[in-house]
Amino acid sequence: MNKGGVGGGSGLGSGGGGGPTAAAAAAAAQKQKTLLQRVDTDIGNIVDNFSLLVNVARVNDPPVRNSQEVFMMEMRAARMVQAADSLLKLVSELKQTAIFSGLASLNDHVEQRTEEFNQQAEKTDRMLARIGEEAAASLKELESHLLFFHTEDKPTPTTLK
Amino acid sequence: MDGNLEISLDKLPIKRLETIEENGLERFPSDVGYDEKRVNLIRRIDFAWAVEREDLSKKQKKSSSSKETTASWPWQSMVENLQSAHHELSVIIDLINTVEANDAVTVAGMTRPKQLPNELLSDLAGSTATKLQCFRHLGKYFKQSAKALEQQVAREARFYGALIRLQQNWKVKRQRVVSSAPGNEGFYIDLFDSSLYEPAAVFRPSSISTIRIEHDPAGMLAVNLPPNSCHSLQFGFLGAQLGNNPRQSGKLKTDCSVEDPSGETKKVPISDDECVKETHSLLRKVHRAIFDEQVFDLVNREAFNPSLGVNVTGIRENYLQLSIGQGASVFISIAPSGQDNKTVDGAGSQNLETALTTFETFDGSKLAEGKHDALKKKLGLPSRRSCEIYMQQIFHEHVFVKAKDRSIPSGRTQLSGQPAKDGQNLLGHFCMALAHRIFSNKVLAELENLVCRVPYVHLIFHPTWHSRTSSWTLSMKIPESILHAGHRRQKSDIHDVKGVKSQFRTKVVVNDDCINVEGEGAPNVASLFKGRSESVCSMNRYDCDLSDLPVILLQQVASQVVHWLHEEALLVGIKANRDFLCLSFELEQGETLSLVAHVDPEDEQGCISWWLVMDDGFTEEQKFHTDISDGVSETRKFLGYLSLDVLYSTLMDLVSLCSGGGSH
């Protein structure tokens, strides 16, 4: 999981650091380093506190020491949960960074969608033009049929007096 | 303790000389250490009384137990042990207090007596149980925390997954402010597209351009819109009472179909995909509402710029009334769409039902529909919905083309007309297009009315694909059966058969509200002045208005028929004179027999009737006498509404008559 987080962070960092300026690259590297430190800190907290928790599992003779250890165990557990919550917040920050940093891929996607919509619009225009042409052709054919029937049947309203 | 009190006197704490040596050296006893002194004092405590007492009680108990062997309490020994321990402790405590009060000796420490194995094991068991309980408590705590974190992870996965999917199509932004509500990270969607519009154009961002993204109780993203925030563009014709209800009911239907995206009020929980789709639909609806608002804003701006075709006759809040000519007025307004709120409650559906009921009541009966259709046809009003779409389309293309003309091919704008090219504002072009549509419908009604009553004339429609130009052709085709016998061809497309035209066309073109008639066969005025009516231009073009159109067209058709009859007569070798609507044959003794066409657009039986006029040179010619009440007279005879076949037969009869009379 650490590696995945690091990979994601490094990818994001490199994406953000791929900007045109060295300052942006340096800022991205610094941010990546900070995030990695936070990850290491939180993981270390969890591991250390859990180790201490296991170490005080031994039952000592003086009851007062056991009571002390009970309080310490509760404290260690709380720290572990706090570290886990901090990791969760870190993941949220990474996701937010991904939302607002992955602009290259987003731009590509937008351009692709724009191209698709343009093609769809052109296709619709062609379809409309074709529909118009077909409607005109159908109308012309219908009119020619009417002309044929009128010419052949010769309906005459009145006759010669 | 007993009441007896023994008192012992200690020696004064002074150093007493122990020995003197021969040399006079004095020796004193060595100093007693503090601990040794204390131990000595403790040893002086006499516990005999306590022990004797205990022995006495034990003896008494034994004697009593020997006496009462059957009445023994199992806990008696423990009670006695506790009592003795209590006694010993009391003594010790008293001693300690006495010693400390006297400040003679202090207690340095007390060692715990060595515990018995069972006591050790019980203490260990207690400690173990306590620690186990602590671990169990920690386990529960970890489970609860894990469950909460899992829920949080799932919520965030749903939220960000949906947000990333929305970002594919919409602009997602974030406000860098402290969110007041928990779980609100400040995300919002910006629907205002600044790239589409010119910098000079003042397009203020709409109030609904920014839409906040929030969390619903299930963790999914939710889009909240204030009630009645979305407005839709409405268009209609005044005076026809058409268009409002269908639009509103249609809009309400659309709104109701887009229900709340988070599925809060839905009884059946919806999936994430459906939620995202509904959010997309809602955002699209808002996007369209923003576009409608901007179109209305543009319409308002252009309405008050002086332009041809635009005449503002009424204005209210979010309402504009225009007179477009041709006796028609339109209104353009912005009205709330209806149910665009997140919560879809019963009130919304009730409003929909009310609107639908109103619409159905208003337009439910066939009689009402028939009246509306008839009125609409009479007024020549085009489809309200098509006009609304056209208005939106030309404004959209105008904006789109102006902003992105570098990427859009020019061919795409052909269908919408050319409002941007000729510099006319869009609203003026739209109004003129509407006026043209109304006028062309009236022209078409006249043409249809005319064609219905003239069987040998047919109406052909020519699509111009231009919003302000319409074109028709009145075609008259000579039947193949009556073409000249020597040159008959079946299914021939050749128009000219030895100089005799078999098909005549009259083209009617309407540009805006100008009618242009272009026809063949009619003599032009110049030829008439020259005295030779046979010399005609092949094509005549002239403008006219709607009231004169039927007469002009009928005259055109009748002249074409006369022209054809004249050609046929010449073909068979008969000399005939043609004069606009009259074909004259010379008989013997200077008599003239004329076949005269009479046109009357108001005649229900037929618009073109034929008369046979005999002119013997002495009777006043009344070729264009329009009184047909008397069909029979000495000089003229009403022949009726003849078809081309009958006309041809009549011509042949006249030719025979002329031939028999030796006129040729």
Side-chain angles (χ1 to χ4, degrees), chain A residues 53 56-63 65-67 69-71 73-74 76-78 80-82 84-85 87-89 91-92 95-96 98-100 102 106 109-110 113-114 118 121-122 125 128-129 132-133 135-136 139-140 143-144 146-148 150-161, chain B residues 120 123-124 126-128 130-131 134-135 137-138 141-142 145-146 149 152-153 156 160 163-164 167-169 172-174 185 187 407-409 411-412 415 453 455-456 458-463 465 475 477 479-481 605-606 609-610 631-632 637-646 649-650:
Chain A
L53 206 63
V56 296
R58 183 177 182 223
V59 180
N60 296 299
D61 291 335
R65 187 173 177 83
N66 290 328
S67 299
E69 289 173 348
V70 164
F71 291 124
M73 284 158 60
E74 289 180 358
R76 300 290 179 193
M80 285 175 65
V81 172
Q82 185 184 7
D85 190 60
L87 273 179
L88 187 61
K89 285 185 171 52
V91 170
S92 297
K95 286 182 179 178
Q96 292 173 13
I99 288 173
F100 296 110
L106 194 61
H109 175 78
V110 169
R113 291 287 284 176
T114 303
N118 285 336
E122 289 175 3
D125 288 340
L128 285 174
E133 291 170 0
L139 181 62
K140 195 173 183 68
E143 287 170 347
S144 64
L146 286 175
L147 176 63
F148 174 77
H150 273 277
T151 305
E152 292 299 325
D153 295 341
K154 302 177 186 177
T156 308
T158 60
T159 56
L160 183 64
K161 289 183 181 177
Chain B
L120 285 173
D123 290 341
L124 189 64
S127 301
T128 306
T130 304
K131 188 148 279 191
C134 175
F135 273 109
H137 178 70
L138 284 182
Y141 173 66
F142 280 140
S145 301
L149 289 174
Q152 185 68 15
V153 167
E156 291 201 353
Y160 285 108
L163 191 61
I164 289 173
Q167 197 189 22
Q168 302 295 319
N169 296 316
V172 177
K173 295 183 179 178
R174 187 179 181 187
E185 292 84 5
F187 292 111
S407 60
I408 302 299
R412 288 192 60 204
L415 289 177
R453 288 178 288 172
Y456 44 86
H458 306 280
L459 182 64
I460 301 173
F461 175 66
H462 299 288
W465 306 120
S475 171
K477 188 176 179 182
E480 292 290 335
S481 59
Q605 292 183 346
S609 58
W610 297 90
V632 179
K637 182 178 180 181
F638 180 67
L639 300 179
Y641 310 92
L642 306 180
S643 66
L644 296 181
D645 297 337
V646 176
S649 301
T650 305

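We name chains A, B, ... by the order of the sequence lines, and we start the count at 1 in each one.
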Engineer: Which answer fits B:F461, side chain, backbone, both or neither, if we ask what part of it has an atom under 4.5 Å from a heavy atom of chain A?
Structural biologist: both
Engineer: Which bit of A:A57 is near chain B, if near means a heavy-atom gap under 4.5 Å: side chain, backbone, both or neither?
Structural biologist: both
Engineer: Tell me, please, which residues at least two apart from A:Q96 pass side-chain hydrogen bond (donor to acceptor under 3.5 Å, both in side chains).
Structural biologist: B:Y160, B:R174
Engineer: Quick one: do A:R113 and B:Q168 satisfy side chain to side chain contact (heavy atoms under 4.5 Å, CB included)? Show the steps, please.
Structural biologist: CA-CA 9 Å; A:R113 291 287 284 176; B:Q168 302 295 319; over 6 Å; no
Engineer: What part of A:L106 is in contact with chain B, defined as an atom under 4.5 angstrom from a non-hydrogen atom: side chain, backbone, both or neither?
Structural biologist: side chain
Engineer: Would the distance check show the side chain of B:Q152 and the main-chain N or O of A:L88 forming a donor-acceptor pair, the cut-off being under 3.5 Å?
Structural biologist: no
Engineer: Quick check on A:L139 against chain B: is it the side chain, the backbone, both or neither that has a heavy atom closer than 4.5 Å?
Structural biologist: side chain
Engineer: Can you tell which part of B:L124 gets under 4.5 Å to a heavy atom of chain A, answering side chain, backbone, both or neither?
Structural biologist: both
Engineer: Heavy-atom pairs under 4.5 Å with chain B are the metric here; pick the option from A:L53, A:V110, A:V91 that has the most.
Structural biologist: A:L53
Engineer: B:L120, B:T130, B:V153: which one forms the most heavy-atom pairs within less than 4.5 Å of chain A?
Structural biologist: B:V153
Engineer: Pick one of side chain, backbone, both or neither for B:L644, based on which atoms fall under 4.5 Å of a heavy atom in chain A.
Structural biologist: neither
Engineer: Distance alone, cut at 3.5 Å: any donor-acceptor contact between the side chains of B:S127 and A:N66?
Structural biologist: yes
Engineer: Please identify each residue that fulfils ring pair (Phe, Tyr, Trp, His ring centres under 6.0 Å) with B:F142, with sequence neighbours left out.
Structural biologist: none
Engineer: Taking side chain as everything from C-beta outward and backbone as N, CA, C, O, which of these in A:R76 sits under 4.5 Å from a heavy atom of chain B? Side chain, backbone, both or neither.
Structural biologist: neither
Engineer: Within a radius of less than 6.0 Å around CD of A:Q82, do more than 12 heavy atoms belonging to other residues, nucleotides or ligands occur?
Structural biologist: no
Engineer: Determine the minimum heavy-atom distance between A:E74 and B:H137, stating which atoms define it.
Structural biologist: OE2-CD2, 4.0 Å
Engineer: Looking at OH of B:Y141 and CE of A:M80, how far apart are the two atoms once the value is rounded to the nearest 0.5 Å?
Structural biologist: 9.5 Å
Engineer: Quick check on A:E69 against chain B: is it the side chain, the backbone, both or neither that has a heavy atom closer than 4.5 Å?
Structural biologist: side chain
